[in-house]
Every structure is written in structure tokens, then in C-alpha cells.
Colleague: 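Structure below; questions to follow.
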Amino acid sequence: MNKHFYFLLLLLFALPFSGICQTNSLEVGTMINVLDFGVLADSESDQTDAIQELIDQAAEGDTLFFPEGKYLVRTILLKSGVNILSEGILKHHSSAKVGEYSIEKQNSPNPLILGQGVKNLSISLKGESKNEGIYLLKSHQIRIYNTELTGDSTKFRAFPGIMTFQCTGIEIANTRIHHFGMPRSETDSYQPGTGIRIMSSNTISIHDSEIFKNGENGVFIHGSRKVEVINNVIRHNGMSAIQVAFGDSGKEKDYNFSYNILEENASDAIDINNRSKEKAKDIECLITENITCGNGFVKGESTPDGSGIVTLINVSNVIIYKNEAYRNNRPAIYVESCGLILGKENWADNQVEVTRDLKELLLEKNRFSSINLIANTKAQKIHLLDNELGSLSLPNGIQVDEFLIENNSFSNASFNFNLKGSMHLIGNIIENKSENPAILIVKANEAILQNNEIKSLRASAIVLRNTAKNVKIILNKVTSFNTAIFDDNSSNLLVKDNVLTSISGGPENQTFRSHYPNNLKMEGNEHIGIANSVSVLLVGKGKASVANEKITSGKANYGEVEIDE
């Protein structure tokens with residue numbers, strides 16, 4: 001295994017469940033009951049000035065306490081070291097200015113709570129906002145906990161529930177964020193309205209929270225590093241549950257997305273999409289033990305997205321471990337132009353897709369419906385080990401320098417090897433129920449089939465075209481309805497120590513058939529053919545070396561082939 005994978009595995013098991021930036025006990029001060037100082041609950045009048053005066057006069061460590069009731073405000077400005085604790089509801093007053101989100105204007109004139117250049121405080125409240133619920137700018141060591149933020153679900157271009165910009169040490173825990181923006185209604189378009197938006201920040205922890213029914217993403221991360229999203233429920237949002245986007249800073253690194261339930265979001269469960277010019281950026285990302293279901297739909301109709309576990313584009317050093325995915329629209333894992341990717345012990349009812357450039361992909365002990373390499377795949381190394389798979393889709397003309405398929409089980413295999421690079425198919429259990437061959441080898445720089453159990457119930461098991469070279473078929477158990485191994489003039493074919501069995505009823509019941517053999521070598525194979533019929537058939541002229549062949553049932557016909565026994 002690559003040394004990078006070892007490093008990532010060590011990192012995986014060393015990580016805590018949550019809390020990379022938990023702010024522990026702040027300095028304890030006075031509990032200030034706002035009702036004792038002129039603030040009115042359940043009044044139709046604006047309470048902003050009265051509340052702000054209390055905050056401005058409070059000392060570090062003090063806590064403003066809001067008892068049950070409703071408090072109407074425009075924007076509350078935070079102060080360093082002064083905590084907010086509310087059992088009542090803070091709600092926008094009618095005089096608060098309402099903005100519309102845009103790329104040019106990503107913050108509103110009146111967020112419900114605004115922290116600018118503040119530090120060392122905690123917030124626990126219930127908020128109803130026309131704009132952002134909480135906006136933190138250049139702030140540090142802020143804890144948001146036991147909070148519920150409700151947005152405006154009638155707003156088409158909504159601001160996020162929580163937004164951080166150039167912040168560090170932000171913790172969001174045991175918090176509910178919902179209805180920031182109108183529900184998505186179209187499969188091919190969406191509108192702003194994110195649950196949590198992390199911008200140009202670092203050391204952010206989002207855990208044990210519920211983020212749902214927002215217009216766009218549940219959690220959006222841009223140009224930020226050291227972010228964990230752990231043990232949350234993120235559901236029914238208008239885009240991805242979690243999305244990572246990349247800017248020009250190059251800071252995007254060190255992510256942990258684990259133990260979440262990600263369900264019925266209109267796009268991907270997790271979308272990590274690096275469209276920057278930097279190639280296959282090393283992001284050291286862990287995606288572990290998430291459960292995803294029903295992503296990629298709007299009103300029951302498929303959207304262009306909806307990966308079950310994760311979409312990875314132009315990134316490297318990602319571990320995908322023990323995730324489960326059910327009934328999602330698009331592939332469980334989508335890999336495009338990536339570096340080092342490890343997927344281990346995942347379970348999904350759909351496929352893995354790989355496309356464009358790839359440095360190294362290791363998939364071990366997973367269960368997927370299939371592994372699909374798209375037509376323009378160009379990979380240095382792909383290793384499939386101990387997986388339970390339906391099929392493996394390999395279009396013509398792909399390149400895989402080192403393709404190792406080892407100890408997997410395939411329930412409905414029909415492989416087409418027409419590629420540049422080497423292919424080793426070792427120790428697999430392969431069952432084919434289609435009318436196409438289980439294994440078709442058209443071209444490969446090197447091909448080794450060894451210690452496999454291959455059963456083809458409706459077609460030939462192994463077929464080699466005349467463009468195949470230096471194929472080695474060794475120690476396999478092959479049972480086939482049609483010809484077990486059919487060689488169409490490939491060069492330097494070695495067939496050694498296999499057990500080849502023919503199932504009666506096929507149009508051609510040979511255990512082995514070669515047309516114009518080209519330096520064919522057969523040694524130590526056992527042929528269990530159909531009684532009183534030809535089991536081993538060589539057609540046309542050519543050269544073959546035959547030694548220690550055992551024909552248990554049937555007979556051999558070498559025709560005009562020059563045999564060296």
C-alpha cells in the first residue's frame with residue numbers, strides 16, 4: 001500500500017469523534033437578566049438599542065440572559081467575552097432591512113446577530129431571521145450551542161443561517177438551522193439559501209446538529225481548512241448536504257466528514273469539487289461512517305447530481321471508510337482527475353465511477369453494484385481487493401498502467417479488457433449471466449488470469465482476440481455454457497494448470513478452442529468436456545506446445561496445427 005495511505009489510516013484512527021475547536025469554560029461573570037434593565041419581551045417595539053446598551057456595558061465573562069418571550073431587534077452586535085443565552089426568541093423587527101443574496105453582496109445589511117472582530121464568547125438562542133441568523137466576521141473562539149435558527153422560507157435568494165468569514169475556532173453544536181430560503185422546485189436550477197456557510201476560515205467544528213430544509217447547501221465550505229462536520233443530520237436541502245469549493249488561497253485541507261446522516265438533499269451527499277488550476281490538490285480528507293439516502297431528487301425527479309457517498313474532483317489523499325448509501329440518484333463514489341483515493345468497507349446499492357486522470361485508487365472490502373471506468377480514464381494504478389461487486393465496466397481505449405483485480409466476487413460480470421497497461425485478475429469469484437463473454441481480452445500490455453473461479457452460464461467464459469498478446473491463464477477453475485476459453489489467434493498465450501469444464505447445451509461445447517494458434521502453450525490443464533464430443537479444438541494452421549493435458553471427458557482435435565509435445 002502507498003505510504004500516503006498508511007499516513008491517512010493512522011490519522012483516521014487517531015481522530016476523536018468531534019471537537020477540534022471546542023472552546024471550554026470562558027471566564028464566569030454576572031448573569032444579566034435583560035428584563036431587569038428595561039428590555040421588553042413580547043412588545044411590538046424595537047428592542048435593539050436597549051439590548052445593545054446592556055451588551056456594551058457588560059464586562060468580560062458576563063452573560064445576557066433572555067427569559068421566555070419574543071424580542072424584536074434589527075441587529076445585535078456581539079462584544080468580546082460577553083455571552084448570549086436566550087430561552088426566548090430573538091426575531092427581526094419590521095424595521096430591519098431585508099437584502100437579497102448575490103455573489104457581489106454575500107452579507108446582508110441586518111443579520112440578526114453580528115460578530116465583527118470579537119472573540120471568546122458563547123451564543124445559545126432561538127432566532128427568527130429575515131437575513132442571516134448569525135454572521136461572524138474576523139472573529140475567534142466562538143461557541144454556538146443549543147441554538148435554533150429559523151429563516152424565511154418564502155425568500156428566493158436567501159442569506160445563510162450561519163456565516164463565518166475569516167474566522168478561527170468556531171464551534172457549532174447541538175444546533176438546528178432550517179428554512180433559510182425557498183425550497184428548490186426545479187431539477188436543473190437552484191437558488192441561494194445555505195444552512196451554514198464557511199468562508200476563508202479555519203478550525204471549524206460542526207457537530208451534533210440538524211440542518212434541514214434550506215434553499216441550497218446544508219454546509220458550504222469555501223477557501224477554508226481544518227473543518228469537521230461530525231454526527232449531524234443534514235436533510236432536505238436544495239443542493240448538497242456538504243459541499244467544499246476551492247478558491248485561490250490554497251488553504252483547502254484537513255477535513256473530517258463523519259458519522260452524519262445525509263438524506264434527501266437535492267444534490268450530492270458530499271461534493272468536493274476543485275476547479276482551481278492546481279492539479280489533484282492534497283486535502284487530507286476523512287469521510288467515515290456516514291449514512292446517506294435518497295439524495296439527488298426534487299419532487300421525485302432526478303437532478304444532474306446526487307452521489308450517494310461523495311463526489312471527488314481534482315483532489316488527493318481522501319479516505320472513504322465504512323459509509324452506507326441507499327437509493328441515491330448518482331454513483332455512490334464519483335472520482336474525476338484525482339490523486340490518491342482509498343475506499344474501504346463501504347456499502348452502497350449503486351456504482352463507483354472513475355473518469356479522466358487518476359494517480360491511485362484502492363477499493364478494499366466494499367460492496368457496490370459495479371465499478372465503471374468512463375471512456376477517457378487514464379490511471380496509473382487501480383487496485384480492487386476483497387470487494388463484493390456486481391460488475392466491472394471497462395470501455396475501449398482506456399489506460400490503466402497497473403490494474404490489479406484481486407480476491408473480489410462478481411455476481412454478474414462481463415469484462416471487456418481493451419486497454420493500455422497491465423491487468424492482473426487474481427483470486428476472484430466471477431459469475432456471468434449475460435450473453436456476452438465473462439472476460440473478453442482485446443488488448444492489454446500484459447494480462448494475467450490466475451486462481452480465479454469463473455462460471456459463465458449463457459456465454460463463453462474467456463475470449464481472446466488476435467490483438468491480445470502475452471496472456472497468461474493459470475490455475476483457474478472455469479465452467480462455461482459455451483467454450484470455456486476461446487483463443488482467436490492471440491500471440492504467446494499460456495494456458496496452464498486450469499480446470500476447464502463445459503456445460504452441455506451450448507452451441508460450442510469445447511473446454512478450449514484456438515483459431516490459428518500463435519505460439520500457444522498448454523500445460524497441465526484438466527478438460528471436463530461433453531462425452532463423445534471434441535473438448536479441445538485447434539483450427540487452422542499454427543504452432544502450439546502441449547504437455548501433460550488431461551482430458552477427463554471428451555477428446556482432442558488438433559487439426560493441422562504443428563504440435564510440440
Side-chain angles (χ1 to χ4, degrees), residues 21-93 95-97 107-150 161-175 177 201 203-205:
C21 59
Q22 292 179 354
T23 53
N24 294 324
S25 58
L26 299 170
E27 183 178 346
V28 178
T30 303
M31 182 73 71
I32 301 171
N33 187 327
V34 297
L35 297 183
D36 294 339
F37 294 90
V39 175
L40 301 177
D42 299 317
S43 170
E44 296 300 317
S45 62
D46 183 358
Q47 302 298 304
T48 303
D49 293 342
I51 294 170
Q52 197 62 56
E53 184 177 356
L54 287 177
I55 293 174
D56 294 343
Q57 292 177 355
E60 185 173 350
D62 289 350
T63 298
L64 257 69
F65 174 64
F66 295 78
E68 290 288 345
K70 186 172 288 187
Y71 304 85
L72 300 182
V73 299
R74 299 186 307 278
T75 295
I76 298 299
L77 302 178
L78 299 173
K79 178 182 177 182
S80 293
V82 177
N83 309 307
I84 303 294
L85 174 61
S86 176
E87 293 178 354
I89 298 172
L90 274 69
K91 183 177 179 180
H92 265 138
H93 187 263
S95 62
K97 295 180 181 179
N107 59 283
S108 75
N110 276 129
L112 187 67
I113 305 292
L114 174 61
Q116 184 169 355
V118 298
K119 61 183 179 179
N120 298 331
L121 62 91
S122 66
I123 303 168
S124 177
L125 57 81
K126 296 177 183 177
E128 296 180 8
S129 177
K130 300 176 183 179
N131 300 311
E132 301 96 335
I134 299 173
Y135 176 34
L136 301 175
L137 170 65
K138 296 183 178 180
S139 296
H140 314 285
Q141 298 305 116
I142 312 294
R143 185 172 188 238
I144 301 168
Y145 71 101
N146 293 347
T147 286
E148 179 164 4
L149 298 172
T150 304
I162 296 176
M163 180 170 174
T164 74
F165 181 69
Q166 295 183 355
C167 294
T168 62
I170 308 299
E171 180 187 8
I172 302 168
N174 300 104
T175 288
I177 303 170
S201 300
T203 318
I204 310 295
S205 178

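We use all heavy atoms of the structure for the numbers below, so side chains are in, but hydrogens, waters and symmetry mates are not.
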Colleague: Are any side-chain N or O atoms of Asp62 and backbone N or O atoms of Val82, one a donor and one an acceptor, separated by less than 3.5 Å?
Modeller: no

Colleague: Would the distance check show the side chain of His92 and the main-chain N or O of Asn110 forming a donor-acceptor pair, the cut-off being under 3.5 Å?
Modeller: yes

Colleague: What heavy-atom pair brings Thr75 and Pro109 nearest, and what distance separates the two atoms?
Modeller: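 Result for this residue pair: OG1-O, 4.4 Å.
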
Colleague: Does Leu40 offer a backbone N or O that forms a donor-acceptor pair with the side chain of Gln47 under 3.5 Å?
Modeller: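 Such a contact is found between Gln47 side chain and Leu40 backbone.
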
Colleague: Check for a donor-acceptor pair, side chain of Glu132 on one end and backbone N or O of Ser108 on the other, with a separation under 3.5 Å.
Modeller: yes

Colleague: Looking at side-chain heavy atoms only, is the closest gap between Val73 and Leu112 below 4.5 Å?
Modeller: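 Yes. Closest side-chain heavy atoms under 4.5 Å.
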
Colleague: Looking at every heavy atom in both Gly81 and Leu121, which two are closest together, and how far apart are they?
Modeller: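 Heavy atoms of Gly81 and Leu121 come nearest at N-CB, 4.0 Å.
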
Colleague: Quick one: are Leu125 and Ile144 in side-chain contact, heavy atoms under 4.5 Å?
Modeller: no

Colleague: Name all pairs fulfilling the side chain to side chain donor-acceptor pair (under 3.5 Å) condition that reach into residues 35-44, sequence neighbours left out, sorted by first residue then second.
Modeller: Ser43-Ser45

Colleague: Can you tell if the side chain of Thr30 reaches within under 4.5 Å of the side chain of Phe65, non-hydrogen atoms only?
Modeller: no

Colleague: Say you draw a straight line from CD1 of Ile51 to CG of Leu64; how long is it, rounded to the nearest 0.5 Å?
Modeller: 8.0 Å

Colleague: Do you know which two heavy atoms are closest between Thr164 and Ser201, and how far apart they sit?
Modeller: OG1-OG, 3.1 Å

Colleague: Are the side chains of Leu136 and Leu78 in touch, meaning some heavy atoms are under 4.5 Å apart?
Modeller: yes

Colleague: Roughly how far, to the nearest 0.5 Å, is CG of Asn83 from CD1 of Ile55?
Modeller: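 If we round to the nearest 0.5 Å, Ile55:CD1 and Asn83:CG are 10.5 Å apart.
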
Colleague: Answer yes or no: are there more than 12 heavy-atom neighbours, outside Lys126 itself, under 6.0 Å from its atom NZ?
Modeller: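 Counting neighbours around NZ of Lys126, 12 or fewer heavy atoms of other residues, nucleotides or ligands fall under 6.0 Å, so no.
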
Colleague: Checking Asn146 side chain against Ser124 main chain: does a donor-acceptor pair fall under 3.5 Å?
Modeller: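 Side chain of Asn146 to backbone of Ser124: no pair is present.
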
Colleague: To the nearest 0.5 Å, what is the distance between OG1 on Thr48 and CG on Leu77?
Modeller: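 These two atoms lie 9.0 Å from each other.
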
Colleague: Any idea which heavy atoms bring Asp46 and Ser95 closest together, and the distance?
Modeller: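 Scanning both residues completely, I find the closest heavy atoms to be OD2-OG, 3.8 Å.
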
Colleague: Is there a donor-acceptor pair under 3.5 Å between the side chain of Ser139 and the backbone N or O of Cys167?
Modeller: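 It does not hold such a pair.
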
Colleague: Could you grab the distance from atom NE2 of His93 to atom CZ of Arg74, nearest 0.5 Å is fine?
Modeller: 8.5 Å

Colleague: Could you tell me the separation between the NZ atom of Lys70 and the CG atom of Leu90, rounded to the nearest 0.5 Å?
Modeller: 11.0 Å

Colleague: List for me each residue that meets ring-ring contact (aromatic ring centres under 6.0 Å, His included) alongside Tyr71, sequence neighbours excluded, and say none if there are none.
Modeller: Phe66

Colleague: Quick one: CG on Leu114 to CG on Leu137, what's the gap to the nearest 0.5 Å?
Modeller: 7.0 Å

Colleague: Test side chain to side chain donor-acceptor pair (under 3.5 Å) on Asn120 and Ser80 and set out the steps.
Modeller: CA-CA 6 Å; Asn120 298 331; Ser80 293; over 6 Å; no

Colleague: I want to check something: taking the side chain as every heavy atom from C-beta on, are Gln52 and Asp49 in contact at a cut-off of under 4.5 Å?
Modeller: no

Colleague: For Ile172 and Thr175, which heavy atoms make the closest approach, and how far apart are they?
Modeller: CG2-CB, 4.0 Å

Colleague: Do Glu171 and Arg143 sit within salt-bridge range, that is, some charged N less than 4.0 Å from a carboxylate O?
Modeller: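 A salt bridge links Glu171 with Arg143.
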
Colleague: What are the two closest heavy atoms between Asn33 and Phe37, and how far apart are they?
Modeller: O-CD1, 3.4 Å

Colleague: With no hydrogens and no angle check, is any side-chain donor or acceptor of Lys119 less than 3.5 Å from a backbone partner on Gln141?
Modeller: no

